Amino acid sequence: ETAGAGLIAARGHSEQRQIAAEAESNSLALVEKARVDAEQARMNIYRDLPQGVIMGLAAQRLAENLTHIDHLNISPELLGPLLTSLVSAGTNKLRG
């Protein structure tokens with residue numbers, strides 16, 4: 001009788017651990033799905049933004065995370081389109 005009670009208790013404990021493990025697994029899966037969905041939504045927002053806006057956001061994010069800059073090199077390929085957009089925006093504002 002004692003052995004049977006011990007076996008029942010051991011099975012119960014095993015089932016509790018299995019239920020807890022499944023619940024934790026389901027919880028982690030839900031959290032990861034929410035994280036993936038949030039990242040997908042963020043990517044959808046960025047997908048439709050003009051390149052200049054994306055570059056501006058990237059520069060802003062970079063500036064927020066830098067503590068010290070020793071050297072900064074800006075290539076003509078980066079600076080040209082930004083200056084063109086700036087001049088175009090200024091011209092449009094003067095016309096409008």
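None of these values were measured; they are calculated from a predicted model.
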Donor-acceptor pair, distance only, cut-off 3.5 Å: does the side chain of Thr91 make one with the backbone of Val87?
yes

Atom CG of Asn73 and atom CG of Leu79: how far apart are they, to the nearest 0.5 Å?
12.0 Å

Rounded to the nearest 0.5 Å, what separation is found between the OG1 atom of Thr2 and the CG atom of Leu7?
12.5 Å

Within the supplied structure, the quantity of interest is the number of heavy atoms (other residues, nucleotides, ligands) at a distance under 6.0 Å from Glu32 CD; does it exceed 12?
yes

Under the side chain to side chain donor-acceptor pair (under 3.5 Å) rule, what do Gln40 and Asn44 come out as? Steps first, then yes or no, please.
CA-CA 6 Å; Gln40 182 65 43; Asn44 287 340; 3.2 Å; yes

Does the side-chain contact (heavy atoms from CB on, under 4.5 Å) test come out yes or no for Leu57 and Gln60, once each step is laid out?
CA-CA 5 Å; Leu57 290 172; Gln60 182 181 14; 4.0 Å; yes

Nearest 0.5 Å please: distance from the NE2 atom of His13 over to the CD1 atom of Ile8.
16.0 Å

So how far is it from Ile45 CD1 to Leu49 CG, rounded to the nearest 0.5 Å?
8.0 Å

Starting at CD1 of Ile54, measure out to CZ of Arg47 and round the result to the nearest 0.5 Å.
11.0 Å

Counting only heavy atoms not in Glu24, do more than 12 fall under 6.0 Å of its CD?
no

How many angstroms lie between OG in Ser27 and CD in Glu22, if you round to the nearest 0.5 Å?
13.5 Å

Check whether the side chains of Asp70 and His68 place a donor and an acceptor atom closer than 3.5 Å, and report yes or no.
yes

Cluster check Leu83, Met55: I/L/V/M/F/W/Y, side chain < 4.5 angstrom
yes

Between Pro81 and Pro76, the two heavy atoms sitting closest are CD-O, 4.0 Å

Got a donor-acceptor contact below 3.5 angstrom from the Ser14 side chain to the Ala10 backbone?
no

